[in-house]
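Each remark here refers to the structure printed beneath this line.
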There are 2 protein chains.
Amino acid sequence: MTRSEAFSQQPASRRIAQALRTAIERGELSAGAKLPSERALAEEYGAARNTAREAIRLLAEQGLVTAKHGRGVFVREPQRLFRFGSDRYSLKNRETGLTPFRLEAKRQGKTARIDVLGITREVPSPDIAERLKIRDDQETVVHRKNHYFADDEPVQIVSTYLRWDEAQGTLLMQPKAGPHGIYGRLEELGHVMTRVRDEISARMPTPEEARLLGLPPGVPVLEVLHTSLDQDLEPFEVSRYVHRADRTGLLYELPVE
Amino acid sequence: MTRSEAFSQQPASRRIAQALRTAIERGELSAGAKLPSERALAEEYGAARNTAREAIRLLAEQGLVTAKHGRGVFVREPQRLFRFGSDRYSLKNRETGLTPFRLEAKRQGKTARIDVLGITREVPSPDIAERLKIRDDQETVVHRKNHYFADDEPVQIVSTYLRWDEAQGTLLMQPKAGPHGIYGRLEELGHVMTRVRDEISARMPTPEEARLLGLPPGVPVLEVLHTSLDQDLEPFEVSRYVHRADRTGLLYELPVE
DNA sequence: TCAAGCAACTGGCTTAAGCCAGTTATGCTC
DNA sequence: GAGCATAACTGGCTTAAGCCAGTTGCTTGA
């Protein structure tokens, strides 16, 4: 069976989607361009409106287009990625007084904003407890939940977990942690970050995450479960980053040992 | 507006989806369990079959369920992830004679298989050319395309790019590159890997990638654009990994410099 | 010239009905 | 007990029709 035979034997919705996809890939529909409406596509391909609609939905699911209620369907524009290098933990960045997020936002000429959504004492989930080497049957962690924006666009959600017994009564319990953020406080408590462990995965967002991050269909999230180790190679902080995958790239440069 | 008000004001397909999602999260529908059929859900919720079908589609898009033609819709089972540590490039792994992929497959009691789909001389794309520091207007690279399986299940697609002038006439042009794979040959050519750079992102798969990896809807891919640097800190190999995100986790452990 | 209202466009969502194709279970026959 | 055929189940996909809600553009009046 030739390719065009395979094409013609596909359901109409997939054929319409493929034709549109090809137009996008060939540049006939450039980034930001508006697609023909559902009704126009239905007429053009001799299909029902719902069939054309299904074709557009397939493209949205593949991350190629975004539908906007009452306005149209647009080819998604590639976003300039927020790039987080493995040097984002480096002490030399500390000298700028800026966190990695603020540094990257500045590099892109954008205004960083961090909303502290909550600071609560909690029983840790098993995966956090395991990494912080604490019990998971008592309220042994402080959970700081932050929401990061660049020019008012949500980019990432970060949950940071610290040991309660260290954090209680310190600025770690406050929205504003003071100079150099939480790492400054943790260093004063004797934890100098010497090594880090990042566990990286990708998945589709939960509805709540999609809502918080303003994600359209077809955009996954990049999750980083980060553990900071101190001079004794003991874990002292765990953070879970949930990044919009259409806005975030990670970069690791490391020696081969 | 209370949460239940927000719930009741949602379209029926989303309410049905949320109810099913809650049942999954509460364990009432455990991993591997079969959901009620479209027709049964339609009757149960007093909706049209297509409305129930849309609800199931939403769950599939969120990566929670998988529909199987003629059989039913099943709660997706969490897969044991293929975990690739940053030490996968380490020389000490070389002593085992096994590549990182084979090591991980062995750890999980699975049979690794690598299909070499092609070895071709090509003009590199700009992003590859830039990283290998070669021209992108001539056929200056060898492109090795491999497909990796664990117990006959596709896990990743890897495209490796090497300089043509180094690879021509060597085992690098053969499916079987000899002891220690391509890195053994490259070392013989004077390239000892000392540093690596991994650029990590996530996105939805192209239809072709979805086909090759056997991906159901709602599963993104994790892409790693890997560059190997030698003892002179010169790039000598670039590989693009496309991993099934439901089967792959990456781990980076590194010092803070 | 500006603002407001309305028509026409757009996508969002549902319904009823139907047919196709894959899978499973049951019953019957050998 | 095994195998085959068929019915009933399942999901896949389409159609026609309709209504709702958001947006845009045009017209009219002040």
Side-chain angles (χ1 to χ4, degrees), chain A residues 1 5-20 29 32-62 64-76 207 210-211 214-218, chain B residues 1 6-20 29 32-76 207 210-211 214-218:
Chain A
M1 179 194 294
E5 274 166 347
F7 181 85
S8 62
Q9 280 193 0
Q10 285 206 35
S13 53
R14 289 187 183 272
R15 285 192 279 107
I16 298 172
Q18 183 56 47
L20 292 168
L29 284 166
K34 185 177 165 189
L35 268 61
S37 70
E38 298 171 357
R39 293 167 178 87
L41 285 172
E43 190 165 347
E44 181 181 343
Y45 287 90
R49 189 193 147 205
N50 268 342
T51 303
R53 187 177 170 75
E54 168 70 8
I56 292 177
R57 194 199 59 70
L58 286 172
L59 296 176
E61 186 180 62
Q62 291 162 17
L64 290 178
V65 303
T66 301
K68 301 191 176 191
H69 194 172
R71 296 180 64 195
V73 177
F74 301 86
V75 180
R76 189 171 293 169
R211 190 178 68 76
L215 290 174
Chain B
M1 181 195 290
F7 181 86
S8 62
Q9 280 193 358
Q10 286 205 33
S13 52
R14 289 186 183 272
R15 285 193 279 107
I16 299 171
Q18 184 56 48
L20 292 168
L29 284 166
K34 187 177 164 190
L35 267 62
S37 70
E38 298 171 358
R39 292 166 178 89
L41 285 171
E43 190 165 347
E44 180 181 342
Y45 288 90
R49 187 193 147 205
N50 267 344
T51 303
R53 186 177 170 74
E54 169 68 6
I56 293 175
R57 193 197 61 70
L58 286 172
L59 295 175
E61 184 180 64
Q62 289 161 17
L64 289 178
V65 303
T66 301
K68 301 190 177 195
H69 196 173
R71 295 180 64 196
V73 177
F74 301 86
V75 181
R76 189 171 293 169
R211 189 180 67 77
L215 290 174

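Owing to the predicted nature of the structure, the values given are computational and were not obtained by experimental measurement. All chains are named by letter (A, B, ...) in the order of the sequence lines, taking the proteins before the strands, and each is independently numbered beginning at 1.
Remark: the A:His69 side chain and the C:dG11 base include a donor-acceptor N/O pair separated by less than 3.5 Å. At a cut-off of 3.5 angstrom, counting only N and O atoms as typed in the model, there is no donor on one side facing an acceptor on the other between the side-chain of A:Arg14 and the base of D:dG12.
Rounded to whole Å, atom C1' of D:dC9 lies 14 Å from atom CD of B:Glu43. The nearest whole Å value for the distance from the CZ atom in B:Phe74 to the P atom in C:dT23 is 11 Å. Protein atom CD of B:Glu54 is 7 Å distant from nucleotide atom P of C:dT14, rounded to whole Å. Following rounding to the nearest Å, B:Ile56 (CD1) and D:dG11 (C1') show an atom-to-atom distance of 9 Å. At whole-Å resolution of the value, NZ in A:Lys68 and C1' in D:dG22 are 13 Å apart. Spacing between atom CD of A:Gln10 and atom C1' of D:dG12 amounts to 13 Å, rounded to whole angstrom units. The NZ atom of B:Lys34 sits 8 Å away from the C1' atom of D:dC9 (whole-angstrom rounding). Here the P atom of nucleotide D:dG11 and the CG atom of B:Leu59 are 13 Å apart, to the nearest Å.
In this structure, CG on B:Leu41 lies 11.5 Å from OG1 on B:Thr51, to the nearest 0.5 angstrom.
Here the rule is side chain to side chain contact (heavy atoms under 4.5 Å, CB included) with A:Leu59, and of A:Thr66, A:Val73, A:Val65 only A:Val65 fits it.
Between B:Glu43 and B:Arg39, no side-chain nitrogen of the basic residue sits less than 4.0 Å from a carboxylate oxygen of the acidic one, so the salt-bridge criterion is not met.
Listed candidates were C:dT15, C:dG12, C:dT14. Nearest to the side chain of B:Asn50 is C:dT15. Picking from D:dC13, D:dT15, C:dT14 the nucleotide with the shortest atom distance to the side chain of A:Pro11 gives D:dC13. Of the candidates C:dG11, D:dT14, D:dG12, the closest approach to any side-chain atom of B:Ala67 belongs to D:dG12.
An OP1 or OP2 oxygen of C:dT10 is reached within less than 4.0 angstrom by no side-chain nitrogen or oxygen of A:Arg39. OP1 or OP2 of D:dT14 lies within a sub-4.0 Å distance of a side-chain N or O belonging to A:Ser13. Put simply, A:Thr51 has a side-chain N or O that comes within less than 4.0 Å of OP1 or OP2 on D:dT15. Regarding contacts with the backbone of D:dG11, every side-chain N or O of B:Arg71 stays at 4.0 angstrom or more from both OP1 and OP2. Taking 4.0 angstrom as the limit, A:Arg49 places none of its side-chain polar atoms (N or O) nearer than this to OP1 or OP2 of D:dA16.
In plain terms, the two heavy atoms of B:Ala47 and B:Ile16 that are nearest each other are CB-CD1, 4.2 Å. Closest approach of B:Ala55 to B:Ser13, counting heavy atoms only: CB-O, 3.2 Å.
Comparing A:Gly70 and B:Ala48, the nucleotide of DNA chain C nearest to each residue sits closer to the 5' end for A:Gly70.
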